[in-house]
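Throughout, numbering of the chain's residues begins at 1 and tracks the sequence.
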Amino acid sequence: RCKTCKDRGLWLPGLRAVREMSTQGGPTPPFSTLSVTRPASMVTQVELHRPEKRNAMNKAFWSEMVDCFSQIAEDPECRVVVVTGAGKVFTSGIDLMDMAGNILQPTGDDAARTSWNLRRLVKKYQETFSVLEKCPKPVVVAVHGACVGAGVDLITACDIRLCTQDAWFQVKEVDIGLAADVGTLQRLPKVIGSRSLVNELALTSRKMYSDEAKSSGLVSRVFPDKETMMSGAMELAEEIASRSPVAVQGTKINLIYSRDHSVAEGLEYMATWNMSMLQTQDVIKSAQASMEKKSPKEVPFSKL
């Protein structure tokens, strides 16, 4: 196992303890850019926590997100994740001052080696947001204020997107001389129904405000302010967390599979998936609760 994997095992008990405290005082060790808490049973909140830098994504952030969500994916105490931003905005995107050296001065003895190293770097950054999609637990993201550049890459990898009335979104990369390369150009067309609108946003770098984000399908709900949004996000997360984790995680995995495959392929995958998953006791428990007119919250589902 790699050193990072070993380190995850070392910080797991401490991270769980901090989650139970549910404080928002600052980053959660060993992270320097993320605050990880447990605001409700089976719900983990991951907060981008560089408010003094408008939650700009520095070098540490790109690896910390991978470590954090790799751990969450294996955490039986978590059934749903809520991603938020500390301070006045969700995120201003890449921390250009901190990241410029990596991007603009790749190492290598010749063009082939320099290109190879730069490709490896881009792939590493892509994984930072792909872990959100790969995590079997549903990820709800709650956006307030600005969501710029890499922030759009992040939210399009999430399962449910909420925002405040004052939120705005911007695919900023063309303004800094590059094509967005960590997910926006691949996922945003799957999220928004209009290819024309996606092209317009990506090619002009114009801002999209909350009303347009809602009408285009980028977000499913808009709230008047951050406090109301956080209340709504937690209520939604708790609703999901109350359901069978076998059913919820299977639903997420199959929704993502169906997005990238034909209907026939999706049905075949679903049949193979459920030939084992239908054997869970959760189906019997859920059916019995329904007949007894009980809420899913009253059903004691085993951890997964």
Side-chain angles (χ1 to χ4, degrees), residues 1 5 8-9 12-13 15-17 19-20 22 36-46 66-83 127 129-142 157-162 187 190-191 220-221 232-304:
R1 297 172 66 194
C5 295
R8 288 178 194 149
L12 175 58
L15 183 58
R16 281 185 177 161
R19 284 174 178 163
E20 297 301 334
S22 293
V36 186
T37 57
R38 174 154 294 139
S41 176
M42 299 293 175
V43 178
T44 297
Q45 181 176 348
V46 177
V66 175
D67 289 342
C68 180
F69 274 86
S70 295
Q71 186 64 63
I72 287 172
E74 299 176 5
D75 183 1
E77 300 293 334
C78 172
R79 294 184 184 173
V80 186
V81 188
V82 178
V83 177
E127 184 65 12
F129 302 134
S130 291
V131 290
L132 298 167
E133 196 170 81
K134 292 175 182 177
C135 178
K137 287 64 182 295
V139 180
V140 179
V141 64
C158 297
D159 302 296
I160 299 173
R161 289 167 294 277
L162 313 174
R187 294 190 178 99
K190 307 279 189 178
V191 170
S220 53
R221 293 172 67 185
M234 290 305 167
E235 182 180 351
L236 176 60
E238 289 185 77
E239 279 293 323
I240 296 170
S242 71
R243 269 64 179 181
S244 157
V246 172
V248 167
Q249 293 182 39
T251 296
K252 170 171 178 171
I253 290 167
N254 278 276
L255 280 170
I256 291 173
Y257 186 91
S258 70
R259 180 195 66 188
D260 300 329
H261 295 79
S262 70
V263 172
E265 290 169 326
L267 288 169
E268 185 68 24
Y269 188 78
M270 188 76 248
T272 303
W273 182 273
N274 261 0
M275 72 182 188
S276 56
M277 293 300 106
L278 280 177
Q279 298 182 61
T280 178
Q281 287 295 310
D282 292 9
V283 173
I284 298 171
K285 291 179 180 178
S286 298
Q288 186 172 351
S290 179
M291 288 188 291
E292 295 175 359
K293 302 191 182 305
K294 290 183 178 179
S295 164
K297 295 179 181 179
E298 299 177 70
V299 182
F301 295 113
S302 297
K303 295 174 184 176
L304 181 63

J.: Could you give the distance from OH (Tyr269) to CD1 (Ile253), rounded to the nearest 0.5 Å?
T.: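 Rounded to the nearest 0.5 Å, the OH-CD1 separation comes to 6.5 Å.
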
J.: Return yes when atom NZ of Lys297 has more than 12 non-hydrogen atoms of other residues, nucleotides or ligands closer than 6.0 Å, and no otherwise.
T.: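 Yes.
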
J.: Which heavy atom of Ala247 sits nearest a heavy atom of Thr251, and at what distance?
T.: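 Heavy-atom minimum between the residues: O-OG1, 2.7 Å.
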
J.: Just checking, any donor-acceptor pair under 3.5 angstrom between side chains of Glu265 and Ser262?
T.: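 Yes.
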
J.: Around Glu292, counting heavy atoms of other residues, nucleotides and ligands shown, do more than 12 lie under 6.0 Å from its CD?
T.: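 Yes, because the 6.0 Å sphere around CD of Glu292 holds more than 12 heavy atoms from other groups.
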
J.: What's the separation between atom OG in Ser220 and atom CG in Asp159, rounded to the nearest 0.5 Å?
T.: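 Spacing of OG (Ser220) from CG (Asp159) equals 11.0 Å.
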
J.: Go through it in stages, so that I can follow the logic: the residues are His261 and Glu268, the test is side chain to side chain contact (heavy atoms under 4.5 Å, CB included), and I'd like the CA-CA distance, side-chain angles, deciding distance and then a yes or no.
T.: CA-CA 11 Å; His261 295 79; Glu268 185 68 24; over 6 Å; no

J.: Working to the nearest 0.5 angstrom, can you tell me the gap between Ser302 OG and Lys285 NZ?
T.: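 Ser302 OG to Lys285 NZ: 4.0 Å, rounded to 0.5 Å.
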
J.: Taking all non-hydrogen atoms of both residues, which atom of Lys252 and which atom of Pro136 are closest, and how far apart?
T.: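 So the minimum-distance heavy-atom pair works out to CD-O, 3.6 Å.
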
J.: Considering all heavy atoms of both residues, which atom of Ser130 and which atom of Arg187 are nearest to each other, and what is their separation?
T.: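 Taking Ser130 first and Arg187 second, the nearest heavy atoms are OG-NH2, 3.2 Å.
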
J.: Is there side-chain contact between Asp260 and Lys190, with heavy atoms separated by less than 4.5 Å?
T.: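 Yes; the side chains approach each other to less than 4.5 Å.
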
J.: Does any N or O in the side chain of Lys137 come within less than 3.5 Å of the main-chain N or O of Asp75, such that one atom is a donor and the other an acceptor?
T.: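 Checking the backbone N and O of Asp75 against the side chain of Lys137, a donor-acceptor pair under 3.5 Å is found.
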
J.: Side chains of Val248 and Leu304: does their closest heavy-atom pair fall under 4.5 Å?
T.: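 The answer is no; the side chains never approach within 4.5 Å.
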
J.: Please determine whether the number of non-hydrogen atoms from other residues, nucleotides or ligands lying under 6.0 Å from atom CD of Glu298 exceeds 12.
T.: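 Yes, enclosed.
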
J.: Run the side chain to side chain contact (heavy atoms under 4.5 Å, CB included) check on Arg79 and Ile240 step by step: do they pass?
T.: CA-CA 8 Å; Arg79 294 184 184 173; Ile240 296 170; over 6 Å; no

J.: Would you name the heavy atoms of Arg161 and Val191 that are closest together and state the gap between them?
T.: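 Heavy-atom minimum between the residues: NH2-CG1, 3.1 Å.
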
J.: Restricting to non-hydrogen atoms, name the atom on Met275 and the atom on Thr272 that form the minimum distance, rounded to 0.1 Å.
T.: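 What the structure gives for the nearest pair is CG-O, 3.0 Å.
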
J.: Using the side chain to side chain contact (heavy atoms under 4.5 Å, CB included) rule, pick out the option among Val81, Val139, Val82 that qualifies with Cys158.
T.: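 For Cys158, the side chain to side chain contact (heavy atoms under 4.5 Å, CB included) check succeeds only for Val139.
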
J.: I'd like to know if the side chain of Glu133 reaches the main chain of Phe129, judged simply by a donor and an acceptor atom lying under 3.5 Å from each other, with no hydrogens or angles considered.
T.: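 The answer is no, because no donor-acceptor pair under 3.5 Å joins these two groups.
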
J.: First locate atom CE of Met42, then atom NZ of Lys303, and finally report the distance between them rounded to the nearest 0.5 Å.
T.: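 Answer rounded to 0.5 Å: 5.0 Å.
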
J.: Mind checking the OG-CD spacing from Ser244 to Gln249? Nearest 0.5 Å is all I need.
T.: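 Here the rounded value is 9.0 Å.
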
J.: Begin from the C-alpha positions of Val299 and Gln288 and carry the test side chain to side chain contact (heavy atoms under 4.5 Å, CB included) through to its verdict.
T.: CA-CA 9 Å; Val299 182; Gln288 186 172 351; over 6 Å; no

J.: How many angstroms lie between atom CE of Met270 and atom CG of Leu255, to the nearest 0.5 angstrom?
T.: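 Nearest 0.5 Å value for the CE-CG distance: 9.0 Å.
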
J.: Under the criterion side chain to side chain contact (heavy atoms under 4.5 Å, CB included), I'd like the reasoning laid out for Val83 against Phe69: C-alpha separation, chi angles, the key distance, then a yes or no.
T.: CA-CA 11 Å; Val83 177; Phe69 274 86; 3.9 Å; yes

J.: Side chain of Ser286, backbone of Val283: donor and acceptor closer than 3.5 Å?
T.: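 Checking the backbone N and O of Val283 against the side chain of Ser286, no donor-acceptor pair under 3.5 Å is found.
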
